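Read the structure below first, then the notes.
In what follows, every chain begins at residue 1, and chains take the letters A, B, ... in the order their sequences are listed. Here the structure is a predicted model, which is why all the values come from computation and not from measurement.
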2 protein chains.
Amino acid sequence: MATNVVDRLHKDLDKTIGNLPPAIAEAVEQAALTTTYPTGAVLFAEAQIQRGVFIVRRGRVKLSVCGSDGKTLILRMVELGGMLGVASAISGRPYEATAETQEPSEISFLRQNDLLRLMRQHGEIALWVTQQVSRDYSWTCREIRDLMLSDSASEKLARLLVGWLDNNAESRQTGHLKMALTHEEIGQMIGTSRETVSRLFAGFKKQNLIQQNGATLVISNRVALESLITA
Amino acid sequence: MATNVVDRLHKDLDKTIGNLPPAIAEAVEQAALTTTYPTGAVLFAEAQIQRGVFIVRRGRVKLSVCGSDGKTLILRMVELGGMLGVASAISGRPYEATAETQEPSEISFLRQNDLLRLMRQHGEIALWVTQQVSRDYSWTCREIRDLMLSDSASEKLARLLVGWLDNNAESRQTGHLKMALTHEEIGQMIGTSRETVSRLFAGFKKQNLIQQNGATLVISNRVALESLITA
DNA sequence: TACCTGAAGTGATGGCGATCACTCAGCCGT
DNA sequence: ACGGCTGAGTGATCGCCATCACTTCAGGTA
């Protein structure tokens, strides 16, 4: 249980597993299998029987659900340290969404058995896992609320942009954003068509709410953008 | 840890706490405070700081979120044995929804501290709680998917009705449903206006998909109703 | 009985955004 | 430099549904 020097000689990826104490992170590390995936790799698909959980060590993973008519709704992007498929692994039910890498990524996989064993052995791990699921749950509640209770598409887009700004400290200061998503994907995040996203961006530019230089988006008038929310 | 006769002399409410072993259910029972609420009582409100979790022992509780413009979206109805506010108690964040009794109900309350202590003491409780959150999460994912990826309102209503049918065995046989919700509330469940719900019901009746006798709804043509889903 | 309140039908109207059908701008590989 | 391909911009059309403004109905109360 004590962390000795030999254990610490491992690569320092283990620091990225939640905020777990090193000794416990090490236990997870030993049970997990870490793999590198290319862009577009599908870690698991909606309705597929559950095998275990995935932990993002590097890269970005898109989590989405899809309707039978082919339409897609992106639930969220999962980044460094995020877990995928936890709820399914705990409840034993099929995955409720599809996970697909957005860029070359390094992902640790932990089988359900090992997860449950670790949770049973280390109370801290159990608590940490439960907190992950709880976070996912609150996030999804916010999501459903924002999507359903704001029927104007511009409001949803404004929410998305402001949310992106607040996601990291420097964006909040400078108002600069790196656009990593296509208009189509943005549409899938806010539940509108690609064309509507195009038109909304055009409108925002016309009102001088935003500017665009290549792949960089500049929020020039954040307050006006926020005033669109709950208009 | 063993269940002795004295423990079992308690009222048999404890059987309703999940599928926990009696001894453990008893531990929960001792830490919890059970109260009777009238219809319309608010157990907790959205964005309120979290205090603990609620367990439904009798009655029905409406869980909803609301937008700033006053519009409401009902997430789900929680019945016997269901827990409320678990994710918030675990993560320590404010409640993400509002819980309001729909009928006179008996509710057990468990403070956050006691919940966490019990989870730490009994691995089974920790696992059970985690499973609850996981269930809530999958449910919410299904919800968001069904609501967003089916833009016709009739499809959403059809989904709701079929879901109600499958909720209990006899409804599935007879096709009979007791309507416990107003059209307005149904609208809040599927994200449409009250008027649209009225018109949809009228349409369904005209097509002989359903009939209505007072508060009893009869699904006369379930297959046709299902064919509206993913049309 | 007449009244009152909350739920449920229903018509008319208007707007927002999905959809179709293009064109246009990059970007890649050969 | 040339096709080919994917993402982006834009116009035209149109259907669904929110909204407003009523009426109708049922249940409870004085």
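With D:dC17, C:dA12, C:dG9 as the choices, the nucleotide that has an atom nearest any side-chain atom of B:Arg199 turns out to be C:dA12. For B:Ser193, the listed nucleotide lying nearest its side chain is D:dA18; candidates were D:dA18, C:dA8, D:dT10. Taking every side-chain heavy atom of A:Ser152 into account, C:dG17 is the closest of C:dG17, D:dA18, D:dG9. For B:Thr192, counting side-chain heavy atoms from C-beta on, the closest listed nucleotide (D:dA18, C:dT10, C:dG9) is D:dA18.
At a threshold of 4.0 angstrom between heavy atoms, the contacts of B:Gly214 with the nucleic acid are absent. Using a 4.0 Å heavy-atom criterion, one finds that B:Lys205 contacts the sugar-phosphate atoms exclusively. Contact annotation for A:Thr182: backbone-only contact, meaning every heavy-atom pair under 4.0 Å involves sugar-phosphate atoms and none involves a base.
If you measure from atom CZ of B:Phe204 to atom C1' of C:dG9, you get 16 Å, rounded to the nearest angstrom. Separating the CG atom of B:Leu73 from the C1' atom of D:dA18 is a distance of 16 Å, rounded to the nearest angstrom. Between the CG atom of A:Leu217 and the P atom of D:dG7 there is a distance of 18 Å, rounded to whole Å. Atom CG in A:Leu181 sits roughly 18 Å away from atom P in D:dT6 (whole-Å rounding). One can place CE of A:Met148 at 13 Å from C1' of D:dC17, the figure rounded to the nearest angstrom. To the nearest angstrom, P of D:dC16 lies 17 Å from CG of A:Asp151. To the nearest angstrom, C1' of D:dA18 lies 14 Å from CG of A:Leu149. Following rounding to the nearest Å, A:Leu157 (CG) and D:dA8 (P) show an atom-to-atom distance of 13 Å.
A salt bridge links B:Arg222 with B:Glu226: the distance from a Lys NZ or Arg NE/NH1/NH2 to an Asp or Glu carboxylate oxygen falls below 4.0 Å. Between A:Arg145 and B:Glu46 there is a salt bridge, since at least one side-chain N of the basic residue sits less than 4.0 Å from a carboxylate O of the acidic one. For the pair A:Glu106 and A:Arg58, the salt-bridge criterion is met [side-chain N within less than 4.0 Å of a carboxylate O]. The pair A:Lys156-A:Asp151 fails the salt-bridge criterion, with no side-chain N (NZ, NE, NH1 or NH2) lying under 4.0 Å from an Asp/Glu carboxylate O.
For A:Thr196 and C:dA18, the shortest distance from a side-chain N or O to OP1 or OP2 is below 4.0 Å.
Residue whose closest nucleotide on DNA chain D sits further toward the 5' end, between A:Met179 and B:Glu195: A:Met179.
Remark: B:Leu225 CG to B:Leu165 CG distance equals 8.0 Å, nearest 0.5 Å.
One can find a donor-acceptor pair under 3.5 Å joining the base of C:dA8 and the side-chain atoms of B:Arg194.
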